[in-house]
Amino acid sequence: MTVVTRFAPSPSGFLHIGGARTALYNWLFAKHHAEYGSGGRFLLRIEDTDRKRFTEEAVNAITDGLSWLGLEWDGDAVSQFSHAQRHAEVARQLLAEDKAYKCFCTPEELREMRQAARQEGRSKLYDGRWRDRDPAEAPEGAEPTIRLKMPQGGETVIEDLVQGPVTVANDELDDMVLLRADGTPTYMLAVVVDDHDAGVTHVIRGDDHLTNAFRQAQLFLTLGWDLPAFAHIPLIHGPDGAKLSKRHGALGVDAYRDQGFLPEALCNYLLRLGWSHGDNEIISRDQAIEWFGLDAVGRAAARFDTDKLTSLNGHYIRQAGDAKLIDLIMPSLTESLNGNLADDTAGRLEKGMAGLKERAKTLIELSENAEIYATTRPLALDEKASRLLQDDGREHLGLLRPRLEALGEWNLKGLEKATRDYAESAEIKLGKAAQPLRAALTGRTVSPGIFEVMEILGRDETLGRLDDALSGINKL
RNA sequence: GUCCCCUUCGUCUAGCGGCCUAGGACAUCGGCCUCUCACGCCGAAAACACGGGUUCGAGUCCCGUAGGGGACGCCA
């Protein structure tokens, strides 16, 4: 049997980080069955039943986010709203079969009912007052909603693939609205019909839908349709343990992209957040497809930890190809230097990327660190660097400079030897010479190996930057 | 409030009755490497929420308690 999963976000304006994980799990589950089972498809459906929320940009935000993460869906993204006719038909059919009924309650009545229920400690809100009432008693001109006749007595059991069997007494379930007074379908009706029509076999979604599953299961049953398998994955919480919300900061995957995270890192992190395969931490896409299964999904909510994501990101940056990284940082590099890039920037970055990427945990950092190769003279010095260029620091530079200039071949080995020889003759530690060099050549106190930097910068640029520092013409 | 779910180091987790004096990863703290920072390597501190059972034996099974979370819309 071919497995069919689906990701069904509502257009909220961005791809929520929790939604991203849900999408990832659905995608992996389908891919796993496609490659190691008897087939798998991953569908994307936009839950735009509530037209008030719908905008084209909101839909684009979701598809862009999924594409960035590399989670391609099968077929076209489907609009749930476009199936409204079909949903209404199903509701009318239920009505004709006496499995649903018209409810003429006013919003005020409903509000009172809810209040009373709460006061009396009942969770069943709607009392079903129109269930057996003659529609002839309806108030003049009132447009009814269509409600489903839920079973009275007994219980509903969901065999959840993650949570295990979950049971609720049917008396806790009230008759839910299928069709609104204006004739549009509710989410409850729409998901069930769409999942059935699309042949969805596995509904993998957030834990917050678990209680909905009871109601939806009853709808499937009264429609005489096969129940899909349900898998409710725990939610992602903020560092404080509450459901991730705006006050926790970055919610959309686009925010993480902007902060310099790689999609590979985010996927790896999200995968590991709530799912495990023994002690494995770094898991490639292919490996994930092979290993992924619902049985290894945890049942407790997990807190989002940016530190771990960052660490993973550092790993994926180190592993990424130099050319790819250069492409990724070029825009921000150009921007931060106001478009004034040194002529040989590309060449220097190609040589220097290996040393650069080892020291960056985000693309933002990488870009900032790469400025030393792209910037033009005279360099700006940060505070600590300018302090290194006072007094004996500058003195050493002045004495070292001729030794460097005299070098026949300008390469790492020779540069290092010349500097070491100088340090020895001056009876100072290498660092006493290397740090002022770093300050003069990069404007900073932290950088890749300084002899590497000198080699990449080349003789002219290195000597030039040295002279700038010696004459003190750097910007602060 | 009602219903549902959850509970191993600070965080993510391994553990599916004896292999656990509870393992890994991130973070933290030491140390090594070293021209700085990072990487890498070595090491330390750090957890089975509590109480009852079941069993020869429980982190692992059952029941309570406590704590946390989620759902209670003509939103999705």
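In what follows, chains carry the letters A, B, and so on, assigned in the order in which the sequence lines appear, proteins first and then strands, with residues in each chain numbered from 1.
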Nucleotide nearest [X] (side chain, heavy atoms from C-beta), chosen from [options]:
X: A:Arg318; options: B:C3, B:A76, B:G40; value: B:G40
X: A:Arg114; options: B:C35, B:G73, B:C5; value: B:G73
X: A:Lys308; options: B:C6, B:C37, B:A25; value: B:A25
X: A:Ala302; options: B:C3, B:U36, B:C12; value: B:C12
X: A:Glu172; options: B:C74, B:C35, B:C3; value: B:C3
X: A:Gln435; options: B:C6, B:U36, B:C4; value: B:U36
X: A:Leu210; options: B:C6, B:C4, B:C12; value: B:C4
X: A:Asp208; options: B:G24, B:A71, B:C5; value: B:A71
X: A:Thr49; options: B:A76, B:C37, B:G70; value: B:A76
X: A:Gln80; options: B:C26, B:C35, B:A76; value: B:A76

Which part of the nucleic acid, if any, lies within reach of [X] when heavy atoms closer than 4.0 Å are counted: base, sugar-phosphate only, or nothing?
X: A:Ile282; value: nothing
X: A:Thr167; value: sugar-phosphate
X: A:Ser311; value: sugar-phosphate
X: A:Thr145; value: base
X: A:Glu358; value: base
X: A:Lys432; value: nothing
X: A:Gly449; value: base
X: A:Cys103; value: nothing
X: A:Ile450; value: base
X: A:His237; value: sugar-phosphate
X: A:Pro448; value: base
X: A:Gln163; value: sugar-phosphate
X: A:Phe451; value: base

Check: [N] base within 3.5 Å donor-acceptor of [X] side chain:
X: A:Asn212; N: B:A76; answer: yes
X: A:Arg438; N: B:C35; answer: yes
X: A:Arg299; N: B:C6; answer: no
X: A:Asp279; N: B:G23; answer: yes

Could you state the atom-to-atom distance from [atom1] of [X] to [atom2] of [N] in whole Å?
X: A:Asp171; N: B:C4; atom1: CG; atom2: P; answer: 12 Å
X: A:Tyr126; N: B:A71; atom1: OH; atom2: C1'; answer: 21 Å
X: A:Arg215; N: B:C74; atom1: CZ; atom2: P; answer: 10 Å
X: A:Leu400; N: B:C35; atom1: CG; atom2: C1'; answer: 12 Å
X: A:Arg303; N: B:G67; atom1: CZ; atom2: C1'; answer: 12 Å

Practice task
Find which nucleotide of RNA chain B each of A:Val166 and A:Leu179 is nearest to by heavy atoms, and output the residue with the more 5' nucleotide.
Solution key: A:Val166
Handout entry: Whichever of A:Tyr269 and A:Lys361 has its nearest RNA chain B nucleotide further upstream toward 5'
Key = A:Tyr269
Considering every strand shown, what is the Watson-Crick or G-U wobble mate of [N] when both distances are under 3.5 Å?
N: B:U60; answer: none
N: B:C41; answer: B:G31
N: B:A25; answer: B:U11
N: B:U54; answer: none
N: B:C19; answer: none
N: B:U65; answer: B:A49

Problem - side chain to side chain donor-acceptor pair (under 3.5 Å) pairs, two or more places apart, involving residues 434-445 of chain A - result: A:Glu371-A:Arg444, A:Gln435-A:Arg438, A:Arg438-A:Ser447
Practice task
For residues A:Arg348 and A:Leu457, determine if any side-chain heavy atom of one lies less than 4.5 Å from a side-chain heavy atom of the other.
Solution key: yes
Handout entry: Check: A:His232 and A:Asp207 side chains under 4.5 Å, non-hydrogen atoms
Key = yes
Handout entry: Sidechain N-carboxylate O distance under 4.0 Å for A:Arg403, A:Asp421
Key = no
Exercise for the section: Run the salt-bridge test on A:Asp174 and A:Arg147 with the 4.0 Å N-O cut-off and return the result as yes or no. Expected result: no
Exercise for the section: Would you say whether A:His232 stacks on B:G70? The test is a distance between ring centres of less than 5.5 Å and an angle between planes of less than 30°. Expected result: no
Problem - Main-chain N/O of A:Leu415 paired to A:Thr419 side chain as donor or acceptor, under 3.5 Å - result: yes
Exercise for the section: Give a yes/no on whether any side-chain N or O of A:Arg444 is located under 4.0 angstrom from OP1 or OP2 of B:C37. Expected result: no
Problem - Short side-chain N/O contact from A:Arg272 to OP1 or OP2 of B:G24, under 4.0 Å - result: no
Handout entry: ring-ring contact (aromatic ring centres under 6.0 Å, His included) between A:His209 and A:Phe230, intermediate numbers included
Key = CA-CA 10 Å; A:His209 286 282; A:Phe230 289 105; over 10 Å; no
Practice task
Indicate whether any N or O donor in one side chain lies under 3.5 Å from an N or O acceptor in the other, for A:Asp175 and A:Tyr101.
Solution key: yes
Exercise for the section: Check the pair A:Val191, A:Arg6 against side-chain contact (heavy atoms from CB on, under 4.5 Å), reporting the backbone distance first and the verdict last. Expected result: CA-CA 11 Å; A:Val191 243; A:Arg6 103 278 132 118; 4.0 Å; yes
Exercise for the section: Please measure how far the P atom in B:A38 lies from the corresponding atom in B:U28, and state the result in whole Å. Expected result: 10 Å
